[in-house]
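Contents: one structure, followed by commentary.
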Amino acid sequence: MVGITSFGGYIPRLRLLRKSIVDAHSWADPSLRGKAKFERSMCNWDEDSVTMGVEAARDCIAPISLKSPDAIYFASTSMPFVDRQNAGIIVEALSLGQDIASLDIGSSQRAGTSALMQALAAVKGGSYQNALVVASDHRKTRPSSTQELAFGDGAAAVTIGTEHVILEYLGGHSTTVDFVDHFKGEGQQFDYNWEERWIRDEGYKKIIPPTIAQALAKTNLPAEAINHFVLPATIGRAAETAAKAAGISSEILCDNLAQTCGDTGVAHPLIMLLNRMEEDVRAGQLIMVASFGQGCDVLIFRVTEHLAKMSKPNGIRGSLANRQEESNYNRFLAFNRLIDKEYGMRAERDNKTALTTLYRRRDMILGLVGGKCRQCGSPQFPRQDVCVNPDCAAPHTQDPYSFVNENAKIQSWSADYLTYTMDPPSHYGMIVFDKGGRFMTDFTDVAVGEIDVGTAVRMVFRIKGFDERRGFVRYFWKAVPIR
Amino acid sequence: MATGIKDKVAILGMGCSKFGERWDAGAEELMVEAYLEAMSDAGIEPKQLDAAWFSTAIEDVHVGKSGLPLSMALRLPNIAVTRVENFCASGSEAFRGAVYAVASGACDIALALGVEKLKDTGYGGLPASGVGTLSPQWQATGSAPGNFAQLASAYRAKHNVKAEDLKKAIAHVSVKSHANGAKNPKAHLQKAVTEEQVINAPMIAEPLGLFDCCGVSDGSACAIVTTPEIARSMGKTNLITVKALQLALSSGSETGHNSWDGSYFHTTRIAAKKAYKEAGIDNPREQVSMFEVHDCFSITEMVTMEDLFISPEGGAIKDVMDGFYDADGKVPCQIDGGLKCFGHPIGASGLRMLYEMYLQLQGRAEQRQLGQPSMGMTHNLGGAPHQNVAAVCIIGAE
């Protein structure tokens with residue numbers, strides 16, 4: 001049996017009220033006023049598709065003890081690097097070791113399901129035993145566009161294997177049609193979109209149903225057998241229209257999270273699937289997942305008895321519950337570099353990264369791996385040749401020691417209005433890990449007055465800084481309050 | 001067996017430029033200003049100098065590297081010039097080099113000069129300095145006020161102090177220094193401030209407001225040292241000699257090992273203990289007449305007074321509020337106005353502190369003159385509470 005063996009999700013804590021977007025733009029486009037409802041998820045300034053992907057994968061890997069994956073597929077249309085394997089950053093952040101195949105998949109909104117199908121096929125064919133699929137998007141949208149309102153940011157991850165399968169893969173089908181509902185040309189910041197009615201009637205309604213029919217035929221299932229149907233769509237009634245044309249009741253369409261999160265691009269089919277799996281499914285039920293983008297992917301799964309037995313990840317529902325309302329649209333514009341904001345001369349610092357140093361210390365910087373002294377037992381960060389314990393100071397006695405999943409408490413802190421950050425004030429302070437070790441760290445996802453000495457924190461993978469001049473992104477770990 | 005530095009070296013002369021936003025002067029002019037005063041005070045010719053130590057810290061925003069900027073600005077006669085840098089303790093480091101050179105017998109007369117020209121950057125606050133290739137990839141992105149503000153949060157937690165009580169105490173630290181600075185024509189800020197002004201000033205790094213932070217200034221200070229014997233042979237009387245000179249650097253334990261609680265300076269305590277021993281002081285609260293400490297931020301000064309063992313641990317707030325460190329208190333601190341009013345031209349500050357102690361000990365501090373001080377101590381700290389360089393120096397009448 002091949003299928004999904006674990007899952008995890010991540011939605012950023014910030015939720016931008018759509019009203020704040022509409023309030024800023026309805027002077028020019030009064031028709032926006034009707035869209036001033038609910039909210040969309042929004043990356044903090046230090047989040048991107050890679051950092052969200054790491055968090056989703058951590059959520060996925062954490063609940064059950066799995067064999068380390070031997071393949072990773074990273075799907076996104078908003079990867080920070082065009083040429084530096086983005087999946088490789090995730091591999092380092094998760095300390096998965098170098099014996100792992102990796103692949104970035106993009107260029108279409110169905111890249112998430114395509115990655116999933118590739119992984120399923122590879123595991124089924126025996127090429128890999130345990131594949132990790134991460135889908136994540138943080139798409140840049142033109143201010144006041146429909147997409148700005150409809151999109152959200154988020155990530156999902158699943159592992160594919162043959163043991164302890166929670167969603168058995170029964171089969172699926174893919175079609176490829178060069179239906180250009182939108183496109184983003186090389187070097188362009190934003191999508192260019194065609195008319196929604198055409199996309200619904202010629203795209204969703206005519207491309208998805210035959211793909212579903214093929215998938216059902218391959219699995220010898222009638223449409224009525226499907227219990228849950230995942231089909232992301234931002235266009236009004238597009239999913240319902242496609243479902244009806246395929247003979248599927250719109251009653252079983254899964255929540256597209258438009259009210260709470262927005263459409264998260266290539267992550268969205270998985271996010272919708274996870275959201276449903278976290279609560280509303282029973283063993284034996286069938287779930288169909290479809291996604292649309294220059295063709296269509298359709299996958300059919302059967303829920304197994306293992307789902308109910310597994311320990312649940314934080315997942316989509318947990319992520320959605322960890323919510324910070326954002327009503328300042330200017331902050332969204334600044335975080336997404338949609339305005340050329342004045343940050344002062346302190347922001348001019350050259351952030352050129354020594355790639356040799358990064359490579360030499362990659363387990364430390366990307367994986368938050370420190371050391372633990374064999375002689376005195378002190379965990380320490382960073383790992384150095386001489387033990388930091390003044391009563392020990394033994395040379396060459398440290399074994400690698402990961403701080404990724406270690407909780408800590410704040411020993412000292414400040415909210416600094418002087419130092420440059422895209423989100424002032426900059427919060428940082430000394431954290432002391434419960435099991436030993438400490439370092440001065442940046443805090444993220446905190447509001448003024450929210451932290452104090454003694455606040456319990458955990459570590460998250462985030463952007464450390466940008467090298468605007470050369471287009472490089474630095475990543476490291478930061479502390480967030482345990483909420 | 002080391003015998004320490006006590007009374008082996010005397011100060012022959014000192015000089016200090018006017019500190020401030022010296023739009024009129026570059027680092028070279030500031031150096032000459034401090035140097036000429038020191039040379040005149042010492043009563044010597046350039047050819048009598050055997051060697052020089054030159055301190056700057058953020059050299060890339062003014063003179064650049066090496067000892068050449070000093071040698072060439074002062075047109076020194078081809079003598080040895082060593083450039084030193086040890087963060088904000090650089091000035092003390094230059095002094096240490098010159099003093100040790102004389103004490104070793106390698107030099108008869110040595111010069112220490114520190115300078116920093118910080119106001120050519122285009123913005124307020126300290127300029128960013130080089131941090132290497134690894135640290136910017138992981139260390140928290142902080143500023144000096146944010147790093148020192150950490151002390152306040154840890155101190156409050158350790159001693160169970162209410163935020164408003166601490167804020168009030170550190171406000172008094174600044175009010176006291178401004179009152180002193182108002183009497184000093186060489187200070188950058190020469191205006192008294194009220195506690196209300198300090199408490200209500202814009203926040204820089206929680207809980208430090210604008211007046212809790214020292215200024216950023218241009219300035220230079222200079223010392224010329226020799227042996228007491230040579231000084232006497234030159235007709236000098238009432239010699240001021242070096243009693244102790246100590247430097248302690250973090251090993252990384254504060255930032256990496258859970259033995260430190262974040263509320264004090266581990267290094268300052270070590271340097272102070274060694275310095276008192278070197279100077280033969282067993283009760284500093286009674287024996288040291290006055291202090292110039294590294295008040296880069298008001299909280300730093302307050303905590304430092306405990307780390308120098310003047311106030312008991314947790315007791316600095318009471319001493320501060322009782323006026324113990326005020327100009328008319330038992331042990332005046334920052335009688336020249338401190339970093340608070342002089343600002344902090346990094347390479348110069350340690351020498352500037354010694355300049356005030358020197359003037360006071362010689363009874364030449366004019367309207368700031370204290371009664372009859374016999375022993376003065378400087379404390380010059382570079383870095384941040386969790387990793388730093390602590391330099392202390394005690395000078396006194398021979």
Side-chain angles (χ1 to χ4, degrees), chain A residues 344-346 349 351-354 356-358 360-361 364-365 368 370 378-382 384 386-391 393 410-421 425-430 432-433 436-443 448-449 452-454 464-465 474-478, chain B residues 121-158 163 202-210 213 250-263 266 297 299 384-387:
Chain A
M345 286 187 186
R346 288 177 188 282
R349 185 179 198 146
N351 278 334
K352 179 173 173 173
T353 297
T356 38
T357 306
L358 172 60
R360 200 160 54 237
R361 303 308 300 264
M364 165 194 168
I365 296 165
L368 200 67
S378 298
Q380 48 205 279
F381 191 91
Q384 291 183 195
V386 182
C387 176
V388 76
N389 179 354
D391 297 325
I410 296 175
Q411 180 182 73
S412 66
W413 66 278
S414 183
D416 182 345
Y417 289 86
L418 184 67
T419 201
Y420 162 67
T421 167
S426 176
H427 282 88
Y428 51 94
M430 183 68 79
V432 177
F433 288 89
R438 59 165 55 189
F439 59 91
M440 188 75 85
T441 183
D442 291 309
F443 299 115
V448 173
D452 204 349
V453 172
K464 174 75 175 142
R474 281 178 182 162
Y475 296 97
F476 187 58
W477 295 77
K478 300 181 185 178
Chain B
T121 57
Y123 58 90
L126 274 184
S129 57
V131 286
T133 60
L134 179 59
S135 120
Q137 298 194 49
W138 74 278
Q139 288 201 340
T141 326
S143 67
N147 280 328
F148 282 89
Q150 310 277 327
L151 279 173
S153 62
Y155 189 94
R156 283 191 310 240
K158 181 179 185 181
M203 192 59 75
I204 301 296
E206 178 70 38
L208 305 178
L210 183 64
C213 307
S250 296
S251 71
S253 68
E254 300 100 305
T255 191
H257 187 253
N258 290 354
S259 48
W260 179 66
D261 66 20
S263 72
H266 181 60
F297 303 97
I299 184 68
H386 63 288
Q387 44 193 41

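Naming convention: chains lettered A, B, ... in sequence-line order (proteins, then strands); numbering from 1 in each chain.
When each of A:Leu358, A:Thr353, A:Thr356 is scored by its heavy-atom pairs under 4.5 Å with chain B, the top score falls to A:Leu358. Here A:Asn389 is the residue among A:Thr441, A:Asn389, A:Val432 with the most heavy-atom pairs under 4.5 Å with chain B. Listed options B:Ser143, B:Ala384, B:Gly132 were ranked by heavy-atom pairs under 4.5 angstrom with chain A; first place goes to B:Ser143. Taking A:Arg349, A:Arg361, A:Arg360 one by one and counting their heavy-atom pairs under 4.5 Å with chain B, the maximum is reached by A:Arg349. Contacts with chain A were tallied for B:Ser253, B:Pro136, B:Ala152; B:Pro136 has the most, counting heavy-atom pairs under 4.5 Å. With chain B as partner, the option from A:Ala415, A:Ala354, A:Ser378 having the largest number of non-hydrogen pairs under 4.5 angstrom is A:Ala415. Options B:Gly146, B:Ser263, B:Ser259, B:Ser251 differ in how many heavy-atom pairs under 4.5 Å they form with chain A, and the most are formed by B:Gly146. The greatest number of non-hydrogen atom pairs below 4.5 Å with chain B, out of A:Met440, A:Lys352, A:Gln380, is found for A:Met440. Taking A:Pro425, A:Pro390, A:Gly370 one by one and counting their heavy-atom pairs under 4.5 Å with chain B, the maximum is reached by A:Pro390.
Remark: the backbone N or O of B:Trp138 is not paired with any side-chain donor or acceptor of A:Arg474 at under 3.5 angstrom.
Side-chain contact check for A:Thr421 and A:Ser426: no donor-acceptor pair (N or O, by modelled atom type) lies under 3.5 Å.
At a 4.5 Å heavy-atom cutoff, the contact between B:Leu126 and chain A is made by backbone atoms alone. Within the 4.5 angstrom heavy-atom criterion, atoms from both the backbone and the side chain of B:Gln137 approach chain A. Proximity to chain A is absent for every atom of B:Gln387, based on heavy atoms less than 4.5 angstrom apart. For A:Phe433, the part sitting under 4.5 Å from any heavy atom of chain B is the backbone (N, CA, C, O) and nothing else.
Contact of the A:Gln411 side chain with the B:Asn258 side chain is not registered, since no non-hydrogen atoms from C-beta on lie closer than 4.5 Å. When side chains are defined from C-beta on, B:His386 does not count as touching A:Phe439, because their heavy atoms never get closer than 4.5 Å. A:Val453 is not listed as a side-chain neighbour of B:Arg156, based on a closest heavy-atom distance of 4.5 Å or more. At a threshold of 4.5 Å between non-hydrogen side-chain atoms, the residues A:Ile365 and A:Tyr475 do not count as touching. B:Ile204 is not listed as a side-chain neighbour of B:Phe297, based on a closest heavy-atom distance of 4.5 Å or more.
The only member of B:Asn147, B:Thr255, B:Asp261 that meets side-chain contact (heavy atoms from CB on, under 4.5 Å) when paired with A:Met430 is B:Thr255.
Shown here for A:Tyr417 and A:Val448, the closest heavy-atom pair between the two residues is OH-CG2, 3.9 Å.
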